[in-house]
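These numbers come from the heavy atoms of this one structure, side chains and all, not from hydrogens, waters or symmetry mates.
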Amino acid sequence: MRRGVAALAGAAALLGLPAAAAPLAACHLEGVERDARCGTVRRPLDPAHPEAGAIDVHFAVLPALARRALADPVFFFAGGPGQSAIDLAGQVAALLARFSNRRDIVLVDQRGTGRSAPLDCGDDAPGRPLAESLEPARLVAAMQACRERLRRLAWGDLRQFTTSIAVGDFDAVRARLGAERIDLVGMSYGTRVALEYLRQFPGHVRRVVLDGVVPPSLVLPESGSIDAGSAFDALIAACAEDAGCRARNPDLRSRWQALLATLPRRVVFHHPLTGVAEPLVLTREMLLGLVRAPLYVPALASALPAAIDTAAEGRFDALVGLASALGGSGGPRLAQGEHFSVVCAEDAPLMAAQGAGFDPGLADVYRRICAGWPRAGLPAGFFTIPPAPVAVLLLSGGDDPATPPRHAEAAARALGSRARLVVVAHAGHGMLGLDCLRDAAFRFVDAASDAAALAVETGCARDVPRPGAFDPVHAADAP
């Protein structure tokens with residue numbers, strides 16, 4: 001009998017069942033003032049063959065401030081793919097602070113990220129030479145070498161880290177916490193996770209917020225090129241229409257085209273963190289990558305006209321600094337192995353034979369890396385979005401270079417009458433960073449009914465302006 005009980009307990013742990021689960025332990029998360037509660041669920045590496053081994057999926061709960069929390073916790077799904085939700089705890093606690101008044105916030109390190117069977121290539125040290133991240137050939141070689149290192153891990157079957165498999169882990173965490181229904185908040189790639197969770201487990205979802213929508217049909221490398229081109233064109237046009245920007249940066253589009261025509265050429269960058277001078281041969285693809293990164297944040301993009309002007313004069317440090325500002329030394333780590341395990345399985349099969357758009361070289365890099373990456377099969381319904389059985393709020397920035405409104409519009413049409421799309425014309429990637437939209441999202445989740453949630457006022461989105469073009473201070477202007 002004892003052997004039978006032990007066998008049943010082991011099976012429950014392997015399948016992520018809540019039976020006889022150990023209590024959550026108090027834990028401190030960086031950037032969070034109050035103690036959290038941390039735990040794990042034991043999950044099969046390959047759900048189709050649970051006898052082949054298991055992994056521990058780590059999660060953390062930021063407890064609600066109210067003594068009696070509401071029964072539906074908020075599950076936050078991080079972006080990337082490849083970000084650790086637990087590593088983002090400080091930012092999430094601040095971003096979703098109002099949610100935590102009455103609801104627990106749950107952070108799960110998606111398999112392959114953070115503490116959950118990480119697929120970390122260890123290549124994101126902030127002071128590493130710029131050429132390692134800018135030169136496509138070096139990036140491809142580094143990912144190929146990392147792939148072989150990861151395959152030697154105990155959890156190194158890289159086919160087992162897709163979105164579809166990961167949402168089973170998320171539901172195991174839900175069951176572990178004893179929550180009948182949960183609220184989903186996804187950002188960027190996390191919106192694809194939320195949509196897949198809603199597809200697989202509709203009965204366990206109460207409300208959904210999608211910020212920067214990545215439907216399963218969106219091809220990340222191609223969107224990062226095509227949509228970046230639209231955002232860049234809008235920035236150039238806005239500068240031409242603004243008298244101050246036009247005066248400081250005359251003929252910006254012509255200067256940009258002339259700059260591209262000089263490439264490839266040998267230049268010297270000064271590393272934005274170390275200050276070390278780094279000579280390299282700058283190609284068109286590398287320059288486009290530098291410009292694409294600041295477009296995610298309109299406040300950074302507002303400095304691009306000035307940075308392009310200085311680059312046209314042979315000085316590239318401003319562009320490098322802007323491109324590095326999005327991550328910086330304190331930015332979240334990205335598990336590159338998880339990133340490519342997802343993209344190579346879910347996006348690469350939909351990629352065109354040749355790159356297109358603003359930066360076709362981006363898709364070419366992904367194509368070369370994915371050529372040798374172990375590729376998982378996907379469930380038959382993965383690329384479909386069924387009509388939503390609950391209220392869904394979709395948020396999109398008109399100047400988003402990766403997930404602009406066209407993707408959110410397609411998802412909203414598929415979700416049907418219980419979907420509400422809000423577009424902020426002059427915003428970039430991430431609407432929950434805007435106070436008025438964050439407040440609307442809170443009221444959406446807090447509403448007593450789906451009808452009340454869908455009727456939440458979001459008119460403030462129309463009043464968000466485009467940041468004015470950056471006006472640099474010159475030594476001659478100083479008092």
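Within the 4.5 Å cutoff, side-chain heavy atoms of Asp87 are placed close to those of Arg115. Put simply, the side chain of Pro221 reaches to within 4.5 Å of the side chain of Val219, judged on heavy atoms. Pro129 places a side-chain heavy atom less than 4.5 Å from the side chain of Glu278. Here the side chains of Val193 and Phe170 are in contact, with some heavy-atom distance below 4.5 Å. Residues Glu222 and Asp227 fail the side-chain proximity criterion, which asks for heavy atoms closer than 4.5 Å. No side-chain heavy atom of Leu393 sits under 4.5 Å from any side-chain heavy atom of Leu454. In this structure, the side chains of Leu184 and Leu210 stay at 4.5 Å or more apart for every pair of heavy atoms. Side-chain atoms of Pro81 and Thr113, non-hydrogen and from C-beta on, never get closer than 4.5 Å to each other.
Checked for salt-bridge contact, Arg102 and Asp446 meet the test: a charged N lies under 4.0 Å from a carboxylate O. No salt bridge links Glu409 with Arg406; every basic N to acidic carboxylate O contact stays at or beyond 4.0 Å. A salt bridge does not link Glu338 to Arg111: none of the charged side-chain nitrogens sits closer than 4.0 Å to a carboxylate oxygen.
Between the CD1 atom in Ile385 and the OG atom in Ser217 there is a gap of 6.0 Å [rounded to 0.5 Å]. Rounding to the nearest 0.5 Å gives a distance of 9.5 Å between CG of Leu290 and CG of Leu322. Remark: Leu119 CG to Leu153 CG distance equals 7.0 Å, nearest 0.5 Å. One distance of note links OG of Ser84 with CG of Leu107; it measures 8.5 Å at 0.5 Å rounding. In this structure, CG on Leu130 lies 10.0 Å from CD on Glu135, to the nearest 0.5 angstrom. To the nearest 0.5 angstrom, Asp35 atom CG is 8.5 Å from Leu29 atom CG.
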Would you please test Cys121 and Met143 for side-chain contact (heavy atoms from CB on, under 4.5 Å) and show each step? CA-CA 8 Å; Cys121 291; Met143 289 302 102; 4.1 Å; yes
List the steps and the verdict of side-chain contact (heavy atoms from CB on, under 4.5 Å) for Arg292 and Leu362. CA-CA 11 Å; Arg292 186 178 64 249; Leu362 178 66; 3.7 Å; yes
Report the C-alpha distance between Leu96 and Phe76 in whole Å, list the side-chain angles of each, state the deciding distance to 0.1 Å, and finish with yes or no for side-chain contact (heavy atoms from CB on, under 4.5 Å). CA-CA 9 Å; Leu96 304 185; Phe76 173 82; 4.2 Å; yes
Starting from the C-alpha separation in whole Å, work towards a yes-or-no answer on side-chain contact (heavy atoms from CB on, under 4.5 Å) for Leu88 and Gln83. CA-CA 8 Å; Leu88 295 171; Gln83 286 186 346; 3.4 Å; yes
Begin with the C-alpha distance, continue with both residues' side-chain angles, and end with the deciding distance and a verdict on side chain to side chain donor-acceptor pair (under 3.5 Å) for Gln110 and Ser116. CA-CA 7 Å; Gln110 184 169 329; Ser116 301; over 6 Å; no
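Side-chain polar atoms of Arg466 and Ser302 form no donor-acceptor pair below 3.5 angstrom. A donor-acceptor pair shorter than 3.5 Å can be found between the side chains of Gln200 and Glu196.
Screening Asp400, Val209, Leu394, Val424 for a side-chain contact (heavy atoms from CB on, under 4.5 Å) involving Met431 leaves a single residue, Val424.
The backbone N or O of Phe444 sits less than 3.5 Å from a side-chain atom of Arg207, completing a donor-acceptor pair. The closest donor-acceptor contact from the side chain of Asp399 to the backbone of Ala231 lies at 3.5 Å or more, if one exists at all. In this structure a side-chain-to-backbone donor-acceptor pair under 3.5 Å is missing from His49 to Glu51. A side-chain donor-acceptor contact under 3.5 Å links Asp109 to the backbone of Ala85. Using modelled atom types, one side-chain atom of Arg147 and one backbone atom of Gly372 make a donor-acceptor pair closer than 3.5 Å. Distance alone, capped at 3.5 Å, places no donor-acceptor pair between the Trp373 side chain and the Cys344 backbone. Checking side-chain atoms of Arg420 against main-chain N and O of Val456 turns up a donor-acceptor pair under 3.5 Å. Put simply, the side chain of Thr274 gets close to the backbone of Val276: a donor and an acceptor are under 3.5 Å apart. Here the side chain of Thr191 pairs a donor or acceptor atom with the backbone of Val214 at under 3.5 angstrom.
The distance between the ring centers of Phe442 and Phe99 falls below 6.0 angstrom. Residues Tyr189 and Phe77 place their aromatic rings such that the two centres sit no closer than 6.0 Å.
Atom CZ of Arg37 is surrounded by more than 12 heavy atoms from other residues, nucleotides or ligands within 6.0 Å. With a 6.0 Å radius and a threshold of 12 heavy atoms from other residues, nucleotides or ligands, Glu180 has its CD atom at or below the threshold. Under a cut-off of 6.0 angstrom, the local environment of CD in Glu30 is sparse, with at most 12 non-hydrogen atoms contributed by other residues, nucleotides or ligands.
Nearest heavy-atom pair, Phe161 versus Asp157, reported as atom, atom and distance to 0.1 Å: CE1-O, 3.4 Å. Of all the heavy atoms in Ala179 and Ala71, the pair that sits closest is CB-O, 4.1 Å. Residues Leu45 and Trp155 share a closest heavy-atom pair of CD2-CA, 3.9 Å. Val32 approaches Ala93 most closely through the heavy-atom pair CG2-CB, 4.2 Å. The minimum heavy-atom distance linking Pro389 with Leu198 is given by the pair CD-CD1, 4.1 Å. Across Ile165 and Gln160, no two heavy atoms sit closer than the pair CD1-OE1, 3.5 Å.
Contacts of Leu95 classified as side chain to side chain contact (heavy atoms under 4.5 Å, CB included), with partners at least two apart in sequence or in another chain: Met187, Leu432, Arg438. Looking at residues two or more places apart in sequence or on another chain, you find a salt bridge (Lys or Arg N to Asp or Glu O under 4.0 Å) between Asp72 and Arg103, Arg206. Partners of Phe201 according to the side chain to side chain contact (heavy atoms under 4.5 Å, CB included) rule, which considers only residues two or more places apart in sequence or in another chain, are Val167, Asp171, Tyr197, His204. Among residues two or more places apart in sequence or in another chain, the side chain to side chain contact (heavy atoms under 4.5 Å, CB included) test is passed with Val297 by Ala299, Leu300, Leu326.
Residue pairs satisfying the salt bridge (Lys or Arg N to Asp or Glu O under 4.0 Å) criterion with at least one member in residues 369-378, sequence neighbours excluded, are absent.
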Per-pair distances, 0.1 Å, donor-acceptor, side chain in residues 55-65, under 3.5 Å, sequence neighbours excluded:
| residue | atom | partner | partner atom | Å |
| --- | --- | --- | --- | --- |
| Asp56 | OD1 | Arg42 | NH1 | 3.1 |
| Asp56 | OD2 | Arg42 | NH1 | 3.4 |

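In this pair, His339 and Tyr366 present their aromatic rings tilted. The plane angle is within the 30 to 60° band.
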